[in-house]
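What you are looking at is a predicted structure, and each value in this text was computed from that prediction instead of being measured. Atoms within each ligand, like the ligands themselves, are counted from 1 in listed order. Both backbone and side-chain heavy atoms feed into the values below; hydrogens, waters and symmetry mates do not.
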Amino acid sequence: MDDGARDVFAGTLAELTWHEVDAAARSGAVLLWAFGVIEQHGPHLPTGTDVYLPAARLRAVRALLAERGVQALIVPPYYWGVNVVSGAFPASYGVRPESMREVMVDLLAGMARDGFRHVFCFSGHGDALHNRTVHDGVRAACERTDADASFVTEPALARRIGLEADDPYLTLYGPDEGPPDGPVDVHAGSWETSLMMHTHPRLVREEVRARLEPSGLGPGELAIWRQGHEHARRVTPAGYLGDPAAADAAEGHRIQTAAAEQAAQAIMLRLRRDTHRLRRSASAHPQTGRRNHG
Ligand SMILES: [Zn+2]
């Protein structure tokens, strides 16, 4: 069970002193960072859902990494993301992709300057342009700094936004599966509501949720919905796409546990590969050593 923290600084490096952050960087700690958005999530979930959920996931991932001997600090979540799909709904805010990318580059440069080599960036928001922007910010920061940042995501999402599986700025986790059969459930539906019932049950409007009809839409309507703004508002006037009444906290627990474990495994794999790469690079370039890579 997650601790259900609603304070977005809870458990992040914002609660540490600079001495503590500095010591963590020097001892090789990695950073975990979530990128969400403030966005409508139907009549039953809070607008911060895409921030609360990845924040909870990062706390679970951090615990799993600690079991494997890797110290991780969590960066306070970034929550002014890019919003195309829900852009026409109230309480749904977004910034231009180039604004988000440049903020990411500035902050990732600061983290690299502190000596954090690895930054693992997660997304809590399914919007294609938002996720392309997370990847773009990671890539731009790696090109301009010494950092090894990456976008940690599932193969299906990477494919949807046009990235190759071997993209150097991706850390892929979880099975590579196509869309599930049956009605589409992608926004404030059964899976996302199940997760919130597990991690933040007191923020779910239970009375409302239990009475919501399934949206019952298929891939055709999903394609229209993804065009965003007025298209999305017309296809899903209530703001959810899926079946919130079918949600269940135990299912949320199962999804969260599996995803956190898969993400921790993927991070461990990238860290091992990077160690090998640095060793090879150091023996090939003994003068420049550690800083001479990619
Ligand atoms: Zn969401």
Would you please say whether a donor-acceptor pair under 3.5 Å links the side chains of S92 and N83?
-> no

Side chains of T236 and H187: donor-acceptor distance under 3.5 Å anywhere?
-> no

Which protein N, O or S atoms does the Zn ion (ligand 1) have within a distance shorter than 2.8 Å?
-> H41 NE2, D50 OD1, E192 OE2

Applying ring pair (Phe, Tyr, Trp, His ring centres under 6.0 Å), run through W80 and Y78 and close with a yes or a no.
-> CA-CA 6 Å; W80 299 122; Y78 178 94; 8.4 Å; no

Are the charged groups of R144 and E102 less than 4.0 angstrom apart, N to O?
-> yes

For the residue pair I267 and L32, establish whether any side-chain heavy-atom pair is separated by less than 4.5 Å.
-> yes

Just checking, R6 and Y52: is the charged tip under 6.0 Å from the six-membered ring centre and within 45° of the axis?
-> no

